[in-house]
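Since the structure comes first, as C-alpha cells, the remarks are kept for the end.
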Protein chains: 4
Amino acid sequence: MYIRLDQSSGSPLYLQIVDQVKTMIAGGALRAGDRLPTVRELASELVVNPNTIAHAYQQLERERVVETRRGLGSFVSAAEPVLSLSARRDRVAALLDRALVEAHHVDLDADEVRMLLEERLLEMANAEQSIELAPSK
Amino acid sequence: MYIRLDQSSGSPLYLQIVDQVKTMIAGGALRAGDRLPTVRELASELVVNPNTIAHAYQQLERERVVETRRGLGSFVSAAEPVLSLSARRDRVAALLDRALVEAHHVDLDADEVRMLLEERLLEMANAEQSIELAPSK
Amino acid sequence: MYIRLDQSSGSPLYLQIVDQVKTMIAGGALRAGDRLPTVRELASELVVNPNTIAHAYQQLERERVVETRRGLGSFVSAAEPVLSLSARRDRVAALLDRALVEAHHVDLDADEVRMLLEERLLEMANAEQSIELAPSK
Amino acid sequence: MYIRLDQSSGSPLYLQIVDQVKTMIAGGALRAGDRLPTVRELASELVVNPNTIAHAYQQLERERVVETRRGLGSFVSAAEPVLSLSARRDRVAALLDRALVEAHHVDLDADEVRMLLEERLLEMANAEQSIELAPSK
DNA sequence: GTGGTCTAGACCACT
DNA sequence: GTGGTCTAGACCACG
C-alpha cells in the first residue's frame with residue numbers, strides 16, 4: 001500500500017488515508033477480499049499515531065468500504081466496479097491542475113514543471129523499488 | 001466571483017476559498033488590479049462568518065497573491081514571488097507528488113501522466129488566452 | 001519565557017509576541033528544538049485570549065520560525081529561510097530605514113549610526129555566546 | 001519634516017506620525033514655536049488620507065505637544081528639554097536591534113547588514129537632497 | 001463602508 | 001491536553 005500523507009496540507013490525516021484507500025479500490029489497486037495493513041503496521045510506516053489510523057479504518061468501515069474481522073484484520077468489502085479509464089484520468093488531471101495553478105502563482109513555466117515531473121517520477125520509482133526490496137510483512 | 005464551498009469536505013473553508021481564488025487568477029478569470037468582493041459581501045454570499053473570509057484574504061495577502069489597502073478593499077497583486085527558487089519548486093513538487101500517488105493508485109503509468117500534463121498545460125494556456133481576447137467589460 | 005505585553009502601545013498584541021519570540025531566538029534564549037509554552041499556558045500568563053496567542057504562533061509558523069506538531073505543541077525550528085535573497089534584504093532594509101529616520105530625528109550622523117551598529121553587533125554576539133557557554137538546564 | 005510611514009508595519013499610521021513628531025521635538029529637530037505642515041500638505045506628501053493626518057494632529061494636541069491656532073496652523077508647544085546624547089543613542093540602538101534580530105532570522109550576516117546600512121545611508125542622503133532641492137512650500 | 005484585532009466559546013484532529 | 005477552525009460580535013484604523 002502506497003499511502004502518502006501531507007502533514008502540511010491542512011486536510012485531516014485520517015481523511016487523506018480514507019481517500020487514498022478508496023482511490024486504490026476504485027483504481028483496481030486493491031480488490032475485494034484484500035487485507036489492509038494492521039493499524040500498527042500502517043501507523044509505524046506513516047509515522048503517525050495509531051489512533052489516527054484506527055480513526056481512518058473506522059470511517060472506512062462505517063462507509064462499508066472495508067470489513068473488520070476480529071483477530072484477522074481489515075478486508076476490502078465487495079468492491080464497486082473499477083472506474084473507467086476516462087474517470088481515472090480525470091482524477092489525476094484534477095490534481096495536476098492544482099499543481100499547475102500553484103506553478104503559475106510562483107512563476108514557474110511549463111518547462112520547469114515538466115522537469116519537476118520527471119524528477120518526481122524518478123524519485124517515486126526509487127521509493128517504490130526500495131519498498132519492494134524491503135522484507136514484506 | 002463563483003466560489004463554491006463544500007461544507008462537508010473536511011478541508012478548511014478558508015483554504016477552499018484561497019485555492020479557488022488562486023485558480024481564478026491562474027485561469028485569467030481574475031487579473032492583476034481586479035478587486036475582490038468585500039469580506040462582508042462574500043461572507044453573506046457564501047453564508048459563512050466574515051472572519052472566515054478575512055482569514056482567507058489574509059492568507060492570500062501573506063502569499064502576495066492579493067494586496068489589501070485599508071479602507072479600500074483587496075486587489076489582485078502584480079507582485080513577483082518572494083520565495084526562493086527552491087522553495088517555489090518544493091511547493092509545486094509536493095502537489096505533483098499528490099497527482100503521482102493518485103496516478104499510481106488508479107494504475108496510470110508515467111507516459112499517461114506526461115500526456116495528461118501536456119493536455120492540462122494546453123487547456124490552461126487556452127483558458128487564459130480566451131479571456132484576454134474577450135471584450136473587457 | 002519572559003514576554004511582556006504593552007496593552008496601550010497601539011501595536012497589535014500578537015505582533016508584540018512574534019517580535020519578542022524572534023528576539024529570544026536571535027539572542028540565544030531559545031534554541032532550535034526548544035518547545036514554546038502552550039497556547040493556553042501563555043494566554044493565561046499574559047491574560048489575553050488564547051486566540052491571540054494562536055494567531056502569534058501561526059504567524060511564527062508561517063515565517064518558519066517555529067514548527068508546530070499537532071497534539072504536541074510548537075517548537076523552535078531549525079529550518080533555513082525560504083525567502084529569496086532580495087526579499088530577505090528588503091525586510092532588513094526596511095527596519096534599518098526606521099532606525100535611520102530615528103537617527104536623523106535625534107540628530108545623529110552616519111558615523112554615529114555606524115558605531116552604534118558595531119556596538120549592537122558585538123552585544124548580540126556576546127549574548128548568544130554567553131548562553132551557549134552557560135550550563136544547560 | 002522627514003516623516004516616513006511603513007504601511008505594512010501593522011502599527012497605525014497616525015501613531016507613526018505622532019511618534020515621529022515627538023521624536024523630532026525630543027531630538028531637537030523641531031523647536032518650540034515651529035510650525036508643522038498643514039494637514040493637506042502632509043497628507044499629499046505622505047500619500048495618505050487627510051483624516052489620518054488630522055487624527056495624528058488631534059492626538060498631539062490632546063497630549064499638549066502642539067497647539068493649533070485657528071487659521072494659522074499647528075505649532076510646537078513649549079518643548080521639553082532635549083534628550084541627552086546617550087538617550088538619543090539608546091533610541092536608535094533599540095531600532096537597530098530590531099533590524100539585527102530580523103537579519104538573524106533571515107540568515108544575513110554582519111557584513112551583509114553593514115553593506116545594507118551603507119546602501120540605505122546613500123539612499124536617504126539622496127532622498128534628502130531631492131527634498132531640499134524641491135521648491136519649499 | 002473597508003479590512004484588522006481582540007474576546008469568548010464551541011467543536012475537531014491529533015498524541 | 002495539544003493546536004486548528006469556525007462562529008458571534010465588539011471596537012479600531014483608514015478612505
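Below, all heavy atoms of this structure are taken into account, side chains as well, without hydrogens, waters or symmetry copies.
Scanning for side chain to side chain contact (heavy atoms under 4.5 Å, CB included) contacts around B:Ser44 gives an empty result, with sequence neighbours left out. Checked against side chain to side chain contact (heavy atoms under 4.5 Å, CB included), C:Ala29 has the following partners two or more places apart in sequence or in another chain: C:Met24, C:Ile131. Residues satisfying the side-chain hydrogen bond (donor to acceptor under 3.5 Å, both in side chains) test with A:Asp107, not counting sequence neighbours, are none. With sequence neighbours excluded, no residue satisfies salt bridge (charged side-chain N to carboxylate O under 4.0 Å, His left out) with B:Arg69.
Side-chain N/O atoms of C:Thr68 include one lying less than 4.0 angstrom from OP1 or OP2 on F:dG4.
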Could you run down nucleotides 7-15 of chain F 5' to 3' and tag each one B, S or - for protein heavy-atom contact under 4.0 Å?
BBB---SBB
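A donor-acceptor contact shorter than 3.5 Å links the side chain of B:Gln16 to the backbone of B:Ser11.
Listed by first then second residue, pairs satisfying ring pair (Phe, Tyr, Trp, His ring centres under 6.0 Å) with a partner in residues 38-60 of chain D read D:Tyr14-D:His55, not counting sequence neighbours. Applying the salt bridge (charged side-chain N to carboxylate O under 4.0 Å, His left out) rule to pairs touching residues 42-66 of chain B yields B:Lys22-B:Glu63, B:Glu63-B:Arg91, sequence neighbours excluded. Each side chain to side chain donor-acceptor pair (under 3.5 Å) pair with one or both residues in residues 24-40 of chain B, not counting sequence neighbours, would appear here, but there are none.
Following rounding to the nearest Å, A:Asp6 (CG) and E:dA13 (P) show an atom-to-atom distance of 17 Å. Atom CG of C:Leu42 is separated from atom C1' of F:dG1 by 16 Å (rounded to the nearest Å). Rounded to an integer number of Å, the gap from B:Gln16 CD to F:dT5 C1' is 12 Å. One atom, CD of A:Gln58, and another, C1' of E:dC14, lie 14 Å apart when rounded to the nearest Å. Taking atom OH on B:Tyr57 and atom C1' on E:dT5, their separation rounds to 19 Å, with Å as the unit. Rounded to a whole Å, the CG atom of B:Leu36 is 13 Å from the P atom of E:dT2. Per the geometry, CD1 belonging to B:Ile53 stands 15 Å off C1' belonging to E:dG4, to the nearest Å.
The strand DNA chain E forms stems, runs of 3 or more Watson-Crick or G-U wobble pairs with distances below 3.5 Å, at E:1-14 with F:1-14.
B:Arg98 and A:Asp6 are not joined by a salt bridge, as no carboxylate oxygen comes within less than 4.0 angstrom of a charged side-chain nitrogen.
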